[in-house]
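Here is the structure we will look at, set down as C-alpha cells.
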Amino acid sequence: MRPPVFRRRFQEALRAAPGAPGPSGLRIKSPDVLVAESGADLEGNGLKRSMGLFQLVCFGIGAIVGTGIFVGLSDTVAEAGPAVVVSFVLAAVTCVFTAFSFGELGGAIPVSGSSYSYAYATLGERTAFLVGWCLLLEYGVSVSAVAVGWGQYLNELLGSLIGWQLPAALANPPGDGGIVNIPAVVVILLAALLLVRGVRESARATAAMAVLKLAILVLFCAIGFSAFRAGNLSPFASEGIAGITSGASLAFFSYIGFDAITTAGEEVKNPRRNIPVAIMVCIGVVTVLYCLVALAAIGALSSDQVAGRPAALSLIVNRVTDSALGGGVIAFGAVVAIASVVLAVMYGQTRILLSMSRDGLIPRVFERVSPRTSTPVANTWIVAAVFAVPAAVVPLDVVMNLTTIGTLAIMAVVNLSVMVLRRTRPDLPRRFRVPLFPASPLLGIGFCLYLMYGTGPATWLQFAGFLAAGALVYTLYGRRRSRLAAAPQPPAEAAVTVPGAAAAREG
C-alpha cells in the first residue's frame with residue numbers, strides 16, 4: 001500500500017499538473033504526476049532506493065552482455081562474414097543516439113516505467129500502452145531467448161568438467177533437436193527466487209556476475225589475438241552491404257538491455273544523475289568489448305568455421321589452445337553471464353508491469369509490493385511462470401528477430417519522446433541533455449528504422465500482428481480501466497512543484 005504522504009503528493013500533483021486527461025489515446029500523463037506518484041526523488045510506493053552508481057553500472061552490464069555475444073555472435077558472422085565488426089559498430093551507433101535520449105529522459109523522469117512512462121508523458125496513453133506491449137518482447141521474450149542460450153553453454157561446461165552432458169531431448173527446444181529445454185526453465189526460476197528476496201541482494205549478485213563475465217571476455221580476447229591471422233579478414237565484406245546490414249540487425253540483439261537501467265528509477269540513489277551516467281558508461285564499455293571480441297574471434301578462426309556454430313567462443317578457445325580446459329572456462333563465464341542477463345531483464349520486466357498496473361492498464365496484482373521484501377513478489381512469479389514456457393519450447397532464432405524489431409520500435413519512440421518533451425516541458429529539470437539536439441534523436445530514429453528494415457518482411461508481418469493484438473487488448477481492457485481517465489480534469493495553466501525538482505534544477 002502506498003504510504004499516505006506519497007498518496008497525498010500524487011493527488012496534489014494530479015490536480016495541478018499540466019497534461020490534461022483527454023480523449024482516449026490522447027491522454028497524456030504529466031511528468032510531474034509520474035514523479036510524484038513514484039515518491040518523487042525520495043523513497044516511496046514500497047520500493048527502496050538501495051542501488052548506487054557502481055551497482056547500477058553493473059546492473060546495466062549484467063542486462064546487456066550475455067546470449068547476444070556468447071551465442072548470437074556465430075549467427076551474426078554467418079550474415080556479415082569478417083565484416084561482423086562493422087555490424088557491431090553500426091548496431092552500437094544506433095544504441096548511442098538512443099542512449100542519449102534515454103539518459104535525458106531517465107534523469108528528467110526517474111520512475112520505473114522507462115520508455116512506457118516516457119511515451120505516456122509525451123505521446124499519449126494508447127502509444128504508451130503499445131510501447132509497454134512491445135516491452136513484453138524486449139524484456140519478457142528476450143528472457144526466454146537468453147535462457148535458451150544458457151542451456152548450450154551449460155552443456156559445454158558439463159562436458160568440460162565431467163565429460164557428460166544433458167541429453168539433447170532435455171537441453172534443446174523443439175526444432176533444435178530436443179523436446180523441452182529444462183536448463184532454460186531452471187535459470188528463470190532461480191532468477192525469480194533471487195529477485196523476490198530483495199533489490200539489494202539482486203544488485204550484489206548482478207555486480208559480481210558482471211565483473212566475472214567481463215574478465216572472461218577479456219581473457220577470450222587475449223587468447224584470440226594470440227592466434228590472430230590477418231588473412232582470416234579477407235575478403236572483408238564478403239556478403240556486401242546487405243550482409244552488413246542484416247548482421248547489424250542481429251548484432252543489435254547483443255545490445256538489448258541497456259535501457260533496463262531506467263527501470264531502476266525508483267530504486268537507485270540520486271537517479272537524476274546516476275541513470276544518465278550509468279547508461280553512457282555501459283554503452284561505451286560494451287561497444288569496445290564487443291568489437292574486440294568479434295575481431296579476436298574472426299582473427300583466430302575464419303568466418304566459415306565460426307558461422308552458425310553453437311557455443312562459438314568455447315570452440316575458438318579449444319581450437320587455439322588445443323585443449324578443452326580453456327573452452328570450459330569460457331563456458332563457465334557464459335553460464336554466469338547469461339544467468340545475470342536473465343536476472344537483470346526479469347527485474348526490468350516486473351518494474352514495467354508495475355508501472356502499467358499502477359496506471360490501471362493491466363490488472364492490479366502487478367503493482368502489489370511486499371512490505372517485507374519491498375519487491376513485487378506476485379508480479380515476479382507470474383513473469384517467471386509465463387516466460388518459462390516459451391523458453392522451454394521455442395528455438396532461439398524464432399524470437400531473436402521479433403525481439404529486435406520490437407526493441408528498435410521502442411527506441412524510435414524514445415527518440416521522438418525526447419523531442420516532444422523538449423517542446424512541451426522546457427522547464428523540466430534535466431541533469432543531462434541530449435547533445436547536438438535535434439540532430440541526435442533524429443539520427444537515432446533513422447538508424448532504428450534502417451535496422452528494422454534489415455529484419456526482413458516475415459518479421460515485419462509478425463510484428464504487425466503483435467501490435468494489432470496489443471491495440472485490441474488496450475481497447476477492450478486498458479482504455480476502460482485507465483486511472484488517468486477517471487481523474488479530475490486539471491486546469492491547463494496550472495503547474496506543480498515536485499519535491500527534489502528545485503535541487504535538480506540547481507544541480
Side-chain angles (χ1 to χ4, degrees), residues 64-91 142 145-157 159-160 168 171-173 175-178 181 184 213 216-217 220-221 223-224 227-229 232-233 236-239 243-256 286 289-320 326-331 333-335 337-338 341 395-401 403-404 454-455:
I64 302 170
V65 181
T67 297
I69 191 66
F70 281 98
V71 180
L73 174 64
S74 59
D75 294 327
T76 308
V77 171
E79 294 290 336
V84 62
V85 178
V86 180
S87 294
F88 272 102
V89 171
L90 182 58
S142 65
V146 166
V148 170
W150 192 73
Q152 294 180 8
Y153 273 99
L154 179 63
N155 255 350
E156 184 75 18
L157 179 60
S160 299
N172 295 317
D176 280 353
N181 192 326
K213 65 184 175 182
I216 293 292
L217 288 176
F220 170 81
C221 289
I223 294 173
F228 188 88
R229 295 181 180 179
N232 288 339
L233 302 181
F236 185 68
S238 57
E239 305 301 323
I244 292 175
T245 301
S246 181
S249 297
L250 288 177
F252 181 79
F253 186 83
S254 304
Y255 292 90
I256 288 176
V286 169
L289 189 62
Y290 279 179
C291 290
L292 288 175
V293 168
L295 188 60
I298 297 301
L301 288 184
S302 68
S303 58
D304 292 338
Q305 293 175 293
V306 175
R309 298 296 295 269
L313 300 192
S314 289
L315 169 69
I316 292 169
V317 172
N318 285 341
R319 293 279 184 88
V320 171
V329 173
I330 299 298
V335 167
I338 296 172
V341 174
L396 177 63
D397 56 355
V398 171
V399 292
M400 277 184 65
N401 276 343
T403 304
T404 296
T455 60

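The figures here come from the full heavy-atom set of this structure, side chains too, leaving out hydrogens, waters and symmetry mates.
- Rounding to the nearest 0.5 Å gives a distance of 10.0 Å between CZ of F88 and CG of L289.
- Within the 4.5 Å cutoff, side-chain heavy atoms of V65 are placed close to those of I69.
- Between K213 and V335, the closest side-chain pair of non-hydrogen atoms is not below 4.5 Å.
- Of the possible donor and acceptor atoms, one in the side chain of S254 sits under 3.5 Å from a partner among the backbone N and O of A251.
- Inter-residue side-chain proximity for T404 and L250 is flagged as unmet; no heavy-atom pair is nearer than 4.5 Å.
- Atom SG of C221 is separated from atom CD1 of I216 by 11.5 Å, given to the nearest 0.5 angstrom.
- Taking the side chain as every heavy atom from C-beta outward, I64 and Y290 approach each other to under 4.5 Å.
- Side-chain contact, E79 with T76: no donor N or O sits under 3.5 Å from an acceptor N or O.
- Closest approach of L295 and F228 over heavy atoms only: O-CE1, 3.7 Å.
- Note that the CG atom of L90 and the OG1 atom of T245 stand 6.5 Å from one another [nearest 0.5 Å].
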_For V86 and F236: C-alpha separation, side-chain torsions, deciding distance, then whether side chain to side chain contact (heavy atoms under 4.5 Å, CB included) applies._
CA-CA 10 Å; V86 180; F236 185 68; 3.7 Å; yes
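- Counting only heavy atoms from C-beta outward, the side chains of L233 and V85 never approach each other to under 4.5 Å.
- For the pair V84/I298, a side-chain contact is recorded, criterion being any heavy-atom separation below 4.5 Å from C-beta on.
- You'll find the side chain of S303 stays beyond 4.5 Å of the side chain of N232, heavy atoms only.
- Looking at heavy atoms from C-beta onward, V329 lies out of side-chain contact with F220 at the 4.5 angstrom threshold.
- Closest of all the heavy-atom pairs between A297 and I316 is CB-CD1, 3.5 Å.
- For the pair S87 (side chain) and A80 (backbone), a donor-acceptor distance under 3.5 Å is absent.
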